Amino acid sequence: MKGLTRIHHVGVAVTDLDESIELYRSAFGGELIHRATNDREGLEAAFIRTGSGEVELMHATREDSPVGKFVAKRGPGLHHVAYAVADIELALKQAKEAGVELIDAAPRPGMHGGRIAFLHPKSVGGVLTELVEA
Ligand code: CO
């Protein structure tokens, strides 16, 4: 299939991961489905199920990590939108041909299975955009 198939998840930068998981549980009945740390990215993430999509709660484990810098500059809040694609190589090629600047020129492993790639927010109306092969 060509193109975006659905919103896969929304990334939210948080300052306290346990507190945020509890907020999504108590306020929205959100179910924690996966929690993982990526040392290279300086990131701990918790994925909350929201029907067919997810919320990725993102907490920096280092101040100089990408999410750490984001929070220092802009505070906690909406970080990125991720769309599901069936063929991530094709989706990246189409985006590039359309003039979108790629952060990841090639797909890389995501935090819970599947390959991902980020597109530069300046090419997508100010929205950091992630593609997820799903
Ligand atoms: Co994400």
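Keep in mind that what you see is a predicted model, and the values were worked out from it rather than measured.
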- Given side chain to side chain contact (heavy atoms under 4.5 Å, CB included), test D104 with L102 step by step and report yes or no. CA-CA 5 Å; D104 297 303; L102 311 182; 6.0 Å; no

Point to revise | Trace of the side chain to side chain contact (heavy atoms under 4.5 Å, CB included) decision for F47 with V55 | key: CA-CA 6 Å; F47 295 85; V55 176; over 6 Å; no

Nearest heavy atoms of [X] and [Y], plus distance in Å:
| X | Y | answer |
| --- | --- | --- |
| T15 | P76 | CG2-CG, 4.2 Å |
| H59 | D16 | CD2-N, 4.2 Å |
| L78 | F70 | O-CZ, 3.4 Å |
| E133 | I88 | OE2-N, 3.0 Å |
| E41 | S65 | O-CB, 3.3 Å |
| A46 | L17 | CB-CD1, 3.9 Å |

Quiz item: Counting heavy atoms not belonging to E22, are there more than 12 under 6.0 Å from its CD?
Solution: yes

| said: With a sphere of 6.0 Å drawn around CZ of R108, does it hold more than 12 non-hydrogen atoms of other residues, nucleotides or ligands? | reply: yes

If hydrophobic clusters are built by linking Ile, Leu, Val, Met, Phe, Trp and Tyr wherever their side-chain heavy atoms come under 4.5 Å apart, do [X] and [Y] end up in the same one?
| X | Y | result |
| --- | --- | --- |
| V71 | V10 | no |
| I7 | F28 | yes |
| V85 | V127 | yes |
| Y24 | M111 | no |

Query raised in the report: Under the side chain to side chain contact (heavy atoms under 4.5 Å, CB included) criterion, do L43 and T37 qualify, and how do the steps go?
Result: CA-CA 6 Å; L43 173 68; T37 302; over 6 Å; no

### Task
Using a strict 4.0 Å threshold on nitrogen-to-oxygen distance, state whether E89 and K93 make a salt bridge.
no

SB check R49 E54 (cutoff 4.0 Å): no

Rounded at 0.5 Å granularity, tell me how far [atom1] in [X] sits from [atom2] in [Y].
| X | Y | atom1 | atom2 | answer |
| --- | --- | --- | --- | --- |
| L131 | Q94 | CG | CD | 10.0 Å |
| L119 | L92 | CG | CG | 6.5 Å |
| L32 | I48 | CG | CD1 | 5.0 Å |
| H9 | L57 | NE2 | CG | 10.5 Å |

_Can you tell me how the ring of F118 sits relative to the ring of H80, calling it parallel under 30°, perpendicular over 60° and tilted otherwise?_
perpendicular

ask   = Should L128 and E130 count as side-chain neighbours, where that means a heavy-atom distance under 4.5 Å?
value = no

| said: Between I103 and P121, is there a side-chain heavy-atom distance shorter than 4.5 Å? | reply: yes

- request: Measure from the side-chain N and O atoms of T129 to the backbone N and O of V81, and report whether any donor-acceptor pair falls under 3.5 Å.
  value: no

Under the 3.5 angstrom rule, does the side chain of S123 hit a backbone N or O of V100 as a donor-acceptor pair?
no

Sorted by chain and residue number, the side-chain hydrogen bond (donor to acceptor under 3.5 Å, both in side chains) partners of D18 (sequence neighbours excluded) come out as R35

Stepwise side-chain hydrogen bond (donor to acceptor under 3.5 Å, both in side chains) check, E56 with H79: CA-CA 9 Å; E56 176 185 7; H79 183 269; over 6 Å; no

